[in-house]
Amino acid sequence: MGKEFLTVKSREEVEKLIRSLPALGTETVKVVEAIGRIVAEEICAVEAVPHFARATMDGYAVRARDVFGASESLPALLRIIGSVEMGRAPDFSIGPYEAAEIATGGMLPDGADAVVMVEHTERVDEDVIEVYRPVAPGQNVLGVGEDIPAGKTVMGPGARLRPQDIGMLAAVGVTEIKVYRRPRVAVVSTGDEIVPPDTPSPLPPAVIRDINAYVLSGFAEMAGAVPGVMAHVVDDPRELIDTCRSFIEDHDVVLVSGGSSVGVRDYTLEVFEAITDGQVLVHGVAIRPGKPTIFGSGRGKYLWGLPGQPASAAMVMVALVCPFLLQIQGRSPEFPFCRSVLKGFLTKNVPSVHGREDYIPVVILPEKTDEGFVRVEPLFGRSGMISTLSEADGYIVIPEHVEGLYEDEEVKVYLL
Ligand SMILES: Nc1nc2c(c(=O)[nH]1)N[C@H]1C(S)=C(S)[C@@H](COP(=O)(O)OP(=O)(O)OC[C@H]3O[C@@H](n4cnc5c(N)ncnc54)[C@H](O)[C@@H]3O)O[C@H]1N2
Ligand code: MOO
């Protein structure tokens with residue numbers, strides 16, 4: 001394969017390719033350690049939650065028919081026959097015109113079908129209460145299986161576990177769960193001009209501190225991957241091949257930034273061909289920034305070559321690499337990647353070229369329109385700048401065949 005972009009693909013074509021990739025595999029983990037993980041099995045509730053009728057208010061367990069029509073002027077009189085202990089099944093049952101003290105979460109005694117709140121009663125003496133309000137059957141009670149019916153599927157493959165889902169699993173007694181394996185991602189920055197961030201000031205001339213390794217690793221972690229090694233190699237094909245070969249041994253994915261273009265010192269393509277036995281699936285994508293993106297796979301491992309310009313590399317992460325990382329974790333990804341989506345109106349015209357999908361950083365202005373919609377200010381920084389992205393709240397996407405957007409046009413903002 002030559003050094004030209006022989007196979008520039010549309011973003012949709014690359015998306016289709018990514019969506020066809022299998023998940024890496026599964027592992028069983030403790031539920032308490034599973035926050036953010038993607039579920040790989042179906043979990044059913046073996047028993048109902050709760051498995052007994054529980055009070056949802058502090059008060060008295062009663063038979064609803066005994067307090068029917070009760071009021072301030074005509075209270076119902078009930079005899080107290082006991083007190084429900086928390087965590088224990090009552091050893092008595094409620095008969096006609098009887099009641100038992102019960103706290104929120106207590107088990108309803110047999111015979112009772114409702115709870116009257118303590119504030120709607122008055123103690124007449126040791127054994128008798130007056131009830132001033134009626135209750136309907138089931139009122140102030142959580143019935144058997146009302147939270148989770150027995151046999152219900154509580155979680156299925158592809159779900160991302162949030163704290164509330166961990167709680168659901170705890171409620172049904174599931175303490176271990178099969179999840180998809182998280183990809184381990186190594187990041188390699190290339191370029192003779194790149195020095196580590198801890199290089200003290202004043203920097204020698206013609207060098208810059210490594211930005212991309214940190215940006216790429218951070219995005220990979222946001223997409224659920226395990227950040228692995230970060231390294232820098234100079235522009236030497238042998239060294240890049242050796243580094244990638246060694247990293248791919250104990251990582252699933254290697255991201256290489258820089259050297260993806262067609263310059264004489266751009267070796268990434270050669271490296272990919274050597275490592276993936278020629279399985280370079282993508283060399284060039286019709287997105288801006290990010291055209292010189294390379295993607296290859298072989299023997300269940302993946303290599304991405306990203307443009308060196310920091311803003312370009314970051315945009316390729318959100319447009320393609322983060323969705324890819326979700327796909328191989330068994331989660332059907334959204335394209336592009338973001339934390340959430342917001343709609344708003346543009347404050348300015350945004351030019352775009354036909355034939356490439358454009359990713360443009362934006363800020364959300366603090367003041368809203370009269371109708372309460374957010375105003376979206378495009379940032380026209382250059383790809384070589386990191387400050388634009390750091391300032392941005394998110395980005396907008398202009399489709400491939402649209403030549404720009406107008407001021408006041410409605411846009412979707414992908415928040416980061
Ligand atoms: N004649 C042409 N020149 C360039 C073209 C083109 O089409 N024709 N495309 C430009 C675009 S757009 C991009 S993007 C870059 C892609 O270049 P490479 O992927 O080969 O990346 P490099 O040349 O290695 O680096 C580009 C730029 O980014 C800086 N860089 C690289 N790595 C890092 C890092 N880890 N941290 C911070 N900055 C980094 C590097 O110093 C360069 O300034 O090519 C354009 N040129
Ligand atoms: O194509 Mo470059 O990736 O715009 O910045």
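On a predicted model such as this, the values are computed, not experimentally measured, just so you know. Atoms within a ligand are numbered from 1 in the order they appear, just like the ligands themselves.
Annotation: I194 places no N or O atom under 3.5 Å from an N or O atom of ligand 1; distance criterion only. Not one N or O of P307 is nearer than 3.5 Å to an N or O of ligand 1, by distance alone. When only interatomic distances are considered, the shortest N/O to N/O separation between D210 and ligand 1 falls below 3.5 Å.
With ring centers used as reference points, F295 lies under 6.0 Å from F324.
A salt bridge links R375 with E367; the closest basic N to acidic carboxylate O contact falls under 4.0 Å. Salt bridge status for K16 with E12: absent, with no side-chain N to carboxylate O gap under 4.0 Å. Of the charged side-chain nitrogens involved, none lies within less than 4.0 Å of a carboxylate oxygen, so that R184 and D252 do not count as a salt-bridged pair. Under a 4.0 Å N-O distance rule, the pair D242/R245 does not qualify as a salt bridge. In this structure, E193 does not pair ionically with R209, as no charged nitrogen and carboxylate oxygen lie closer than 4.0 Å.
At a heavy-atom cutoff of 4.0 Å, ligand 1 is contacted by no atom of S383, backbone or side chain. Residue contacts with ligand 1 for K291 are absent, since no atom lies close enough (heavy atoms, distance under 4.0 Å).
Taking every heavy atom of I208 and a limit of under 4.0 angstrom, the matching atoms of ligand 1 come to 37 (C), 38 (N), 39 (C), 41 (O). With ligand atoms numbered from 1 in the order given, ligand 1 contributes 35 (N) to contacts under 4.0 Å with heavy atoms of S189. Under a 4.0 Å criterion applied to the non-hydrogen atoms of S257, ligand 1 contributes the atoms 32 (N), 35 (N).
Counting only non-hydrogen atoms, the option in V195, D235, N212 that gets closest to atom 32 (N) of ligand 1 is N212.
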Output side-chain donor-acceptor pairs under 3.5 Å for residues 168-179, partner residues at least two apart or in another chain, one line each.
none

Show me, pair by pair, the donor-acceptor contacts under 3.5 angstrom made by side chains of residues 404-412, not counting sequence neighbours?
residue	atom	partner	partner atom	Å
E409	OE1	Y406	N	2.8

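For P289, the closest heavy-atom approach to ligand 1 does not fall below 4.0 Å. The shortest heavy-atom distance from G384 to ligand 1 is not under 4.0 Å.
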